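Quick caveat, the model's predicted, so the values are computed rather than measured. Protein chains get the first letters and strands the later ones, always in sequence-line order, with residue 1 at the start of each.
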Amino acid sequence: MSFPQPKPEVPQLPQNLLRTIDCQQGAVRAVRFNADGNYLLSCGSDKSLKLWSVSRGTLLKTYSGHGYEVLDADGSYDNSQLCSCSSDKTVILWDVATGQVTRKLRGHAGKVNCVQFNEEATVILSGSIDGTVRCWDTRSRKFDPIQILDEAQDGVSSLKVSEHELLTGSVDGRVRRYDLRMGQLHVDFINSPITCVCFSADGQCTLTSSLDSTVRLLDKSTGEMLGEYTGHKMKGYKLDCCLSSKDTHVLSCSEDGHVYCWDLVEGSLMLKLPVGKAVVQSLSFHPSETRLLTAMEGRVQVWGAEPEETEEEVVVVQQEKA
Amino acid sequence: MASDSDSDGDFVTFGTPLEPLEEDEPLRKPVPLYEQTVKDEKGRYQRFHGAFTGGFSAGYFNTVGTKEGWTPATFVSSRQQKAGRQNARPEDFMDEEDLGDHGIAPRQITTTADFASGRKDVIRDKARAITSLSAPIPGDTVLEDLVAPARSSMGVELLRKMGWKDGQGVGPRVKRRLCKQRADSATRAFGSASPPNGSSESQDEEDGEFVPENVTFAPKDVTPIDFTPKVDLHGLGYRGLNPLAALRGGPGTGHINLFTMDSDRTNSLFGEDRKGQRRRGGVAGQGFGVGAMEDDDEDIYHRDIMSNYDTVLGGEEPGNGLYGWTAPQQYNRKKKDHSKDAAYLGKILEGFTLASDKLETKTIFPPPNLPRDFRPVHYFRPVVDLSSVSPMVAQALQTSRGHMAQEEPSKGGRHQLDSAQRRELLGEATLQGPSSVFDLLKVEDRERLSSLRRPSSDTSSGPRQPTPGEARAAVVAAGVAAAAARASAQKALSSRFAPHAEQQQQEALSVWSGPTAQAQTGQTFKPFERTPHKQARYDLYIDQLKQGDRDALELSLDPTMTEWERGRERDEFVRAALLYKPSSSSLSCRFTRGKQDDGVEADTVEVTRDQENDVDDKQAAVKMKMFGKLTRDTFEWHPDNLLCKRFNVPDPYPGSGFVGMPKVKRDKFSVFNFLTVSESPTASASPAPQGVKPSEPGKRSRWDVSGQAGDKERKEKDPVSEFLSVARIEASGSGPEASTTDGPTTDPTVEPDTEQKEEEEEEESRPSMDLFKAIFASSSDEKSSSSSEGESEEEEEKEEGVRSKAGTGPQISNQLNVNTTQPAPPVSTTPSQHPDILFKTPSGPAAAPPPRDQEMEEEEFGPRLPPPSSTLTAERRPSPTPSAKDDKHKKKCKEKHKAKKHGKHKKDKKQKKKHKRHKHKGKQKKTKKEESSDSSSEGSDGNGQEEGGGVSTEELLRRLKSIRGKNLQ
């Protein structure tokens, strides 16, 4: 008697280029949305970190203080602080409004690949090529890390933090998940250097991309593989992968200048987004909307589900002039 | 007004009767509209308002004023009477209508509503009257009625004149029986679906209510209607669905009627026969349809029946037969209270009935029994500021008061906790360092303080006793005397044996009771080992010292011994305690313990307790895509306490004293240590040809182990490099050796070879130095140094490649195989048989040397970063894939270096080279990346091709061929 369920709306993919931002800061090593997705951070190889408005594509602030190229950045939940890491082996905590360095955290022995705030921005976690993850306290005045996680046998390439868990991907081909609540460390062997790890939005799965050109979706609790996504090219560079905001799709950068987008359940390639000719280095998915950031060379591109008529032309024109 | 038809005598006439119409009078002309005006006594048009309140006159066609309009008042100059007429009063603007009887400011005395004791609303007034009856003081409005000016409306006065009394209904008096019957017949006549509750009726008739035949009653008074303002947006009478009632589903929810037209009467009517078929749950009722699971569907459509409506205006109230509130009480109460009164054993007073609900009895608790010696006088204890007094004094005070020290802070809230208490609450470790200021004092000062303190503590305990003044003073004096006596006795006792014994005891106490001493549990020093009893006593002494006991010495000594023996032992103990005191706290906080003890435990090493499972198994599992149990290891891991706090997570191991993975000490040279490290190649003792030293596996940094795998893989997969390798093989003609070198090593069936073997092969296949010299005769010293650097880098690379093969498993070696062995048929010649063949072994690394600039050098540990913007490199690299370009370019450089320096290289230059590279850093940083990629070939820039950067593949191939040709000649 009951009516059939209305067919669920087909999830939209960010396939329309909304705007291109020329960051003017060398190669963009990473691009990140802030907590609410209204702003983006671009990490430049010219030692600068820049804050942009996503909707307008305007530069809001430049944070300079790093000694070498900036490799990753993250914004706190309340948008009051930023943290960034660099090849100069430091992690810097920034004040967003003033652009001043709140603290500069030294201690890593090599360049720092990845950095994340925890949920309340009380701890900064940074993973470095020296194989350690360091937990820096932002509350106390101590400049020493709270704890050093040196379980990785090789450089830590990627790092994600959830409520009480810490996910690290290392070049030794292992994904480590530190469960603070349980006091356990789970190590998943992937057998290929990990380039990027992600939690799914529901917190049940982890996504890992590795240098064997494969993205794998693993069950968080058991470590079983739920999905495997191939087709892209990731062989030498540390490129990002991510999940869409509603966990419907898996996205990954590729060295062939595309962003590959697979259906999470079926594993079929849904979209091959042509970003450019060079390597798509970084990408970031909007926390709630269908919006995607990609970084290629010195440009950041914003992709959305529906094309946006306004301003786009102007930006493109400016781009050409430049 | 109505009148009874059957009685003629009581006609009442009101008003003035019309003139009787006469037959012959002609019809009067109708008065036209404009002449139907009301005039006042002066013949003017009667106005409804005075001028002040609007001046509206129903005069000229109900317009203002007259036909001519409104004329303003004549102008009066105020020139002469400026001072007099400064302020106009309101009355100045009023005319007589305003000042008249009905105007705004009447000139005669009338009653106003302001003083009518708030009697504006008759309905409210009546409601109040009803409630006042049930109030504790019945009729509290009576007084008010007496005092307040009576002002009743004309209607009420008329009614009173007609014999109406307050509280009665309006209408002819009826007999009780008749009235009831009429109501019943009315409901029957309109036909109700369900039978009326005749039961109650029959009961009414049966219970013999006192109804005399000749007595009539006034009709029931209509109770005032409750006017609740309508604030919602529903339709009139619509109530909306109460979700609680709709979803509750228990008994009692029947048909949910959304309209209020059915009063409690209909509920009582419907309630009985519907009880059986109640819905069990869910939203149901009018307008909601019937679900699939419901078997009855009669409720969907609301059946509207006439019995829902009142048939009589203001008809009688449903249940009780209350004839107004003035009805005699006993008649309507009688039925209800019948059973209860009967059940009551005892006499009920005349005119009283049994209460329906019992009065709630208050439980009264008796006051507490006072102790016998209680005196109702409060004595205030002396308030001692704990922060100003030394902690010992404070503690003595508190214990003397009968309080424990811990009880104090609980009263004060968290802001009054001191740091130690906070630390205890948080479960943190004690800070290293002196615990109190006393530790920092000199011994003499401490002594003096303690001697001062002792009497003071005694005196402070004195006034606590609530004895009268003289007694208190006596006690204080006694206490002081006793303390002094004790101190002097002690002193005398101790001074007999050692002059500074007391001082030393104090010192020992302060030293051993410090936090650092507490922490040092593993105390190994046993001065009196030979006499176990003595040692036991000494241990006891030390224990008590640690607890901060001042009488430690006296307590620990054997009381059976002689005085002299005890004195000696006392002396000995104190000296021993001082001699082997724990390292001073102020000092110990400046030093940390060595990670590894150099002494006894030197040959043990700390390793993590839990080791990973076998990597080979995992690799197999990964290959079969069997992720899960096989590829997962779970370890115990201890997060830092502070980290847990920052993550708002309880510490999973609250008592654990370490963080990270649990470690165990293992024998440094145990076989088991090496068994676990499966990836580290075993150094074989095979002789290295050409004097090349085998590389030390231990010297390798651990992060360049498998990190290079990515690079390697990428390069191997590179189409250009692939092409190059193919071309190279072709260039070597039918060279059977082409595939020889890589063939065996990358055979997927072969287990990852030890590095040593690989190197052997490499070394063996290298051409002699003369050959290179013949080709590149112009190489200078500088070049040689730089190129040897490049060379050794290659070596390193090779190693890394090989290691990555070993480390990352068969997948990669498969790829290698694809690249190298596919184009040429596999030939089974071993490379060692052809040591003179050029470019066989190095082909792999030569095909894909990594970029050698400073950044890339760092990045060779793991996945690299893509090159910067192509806008910077566009002119340099026309080809779209930067990695390919990169490789191509660098390949070429490498080839050259290799060709030049092959014979020279030494394995052990690896370390040196690293230093060199660091030296180069400064220079390289300034250059662009692409240029710096060339910097590894600083010396060999003479060729000029490096500056061009973009050397085509053909060019490269051609050169390769030429080299090979020379070589073969």
Is chain B contacted by the side chain of [X], its backbone, both, or neither, given a heavy-atom distance below 4.5 Å?
X        : answer
A/Leu218 : side chain
A/Asn113 : neither
A/Asp256 : neither
A/Leu71  : side chain
A/Glu163 : backbone
A/Ser140 : both
A/Gln184 : both
A/Thr214 : neither
A/Val175 : neither
A/Leu149 : side chain

Next item on the list: Tell me, out of A/His164, A/Glu120, A/Glu119, who's got the most heavy-atom pairs with chain B below 4.5 Å.
Entry: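 Of the options given, most contacts go to A/Glu120.
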Next item on the list: Against chain B, work out which of A/Thr222, A/Leu166, A/Asp179 has the most heavy-atom pairs shorter than 4.5 Å and name it.
Entry: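 Looking at each option in turn, the highest pair count goes to A/Thr222.
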Could you check if a side-chain atom of [X] sits within less than 4.5 angstrom of a side-chain atom of [Y], using non-hydrogen atoms only?
X        : Y        : answer
A/Ile190 : B/Phe627 : yes
A/Gln147 : B/Cys644 : no
A/Glu151 : B/Trp637 : yes

Check: Of the listed residues (B/Arg646, B/Lys625, B/Met626, B/Lys645), which shares the most heavy-atom pairs with chain A below a 4.5 Å separation?
Finding: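 Highest number of pairs under 4.5 Å: B/Arg646.
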Calculate, to the nearest 0.5 Å, the distance between atoms [atom1] and [atom2] belonging to [X] and [Y] respectively.
X        : Y        : atom1 : atom2 : answer
B/His638 : A/Leu185 : NE2   : CG    : 11.5 Å
B/Asn648 : A/Thr122 : CG    : OG1   : 7.0 Å
B/Asp633 : A/Phe189 : CG    : CZ    : 10.0 Å
B/Thr634 : A/Met182 : OG1   : CE    : 10.0 Å
A/Leu125 : B/Leu643 : CG    : CG    : 7.0 Å

Check: Nearest heavy-atom pair of B/Pro639 and A/Gly183: which atoms, and what distance?
Finding: CD-CA, 4.2 Å
Notebook entry, point to check: Between A/Ile146 and B/Asp640, what is the shortest heavy-atom contact and its length?
Noted result: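 Scanning both residues, the minimum pair turns out to be O-OD2, 3.4 Å.
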Next item on the list: Check whether any side-chain N or O of B/Arg632 sits under 3.5 Å from a backbone N or O of A/Ser221 as a donor-acceptor pair, and report yes or no.
Entry: yes
Margin query: With a 4.5 angstrom heavy-atom cut-off, is it the side chain or the backbone of B/Phe647 that approaches chain A, or both, or neither?
Written below: both
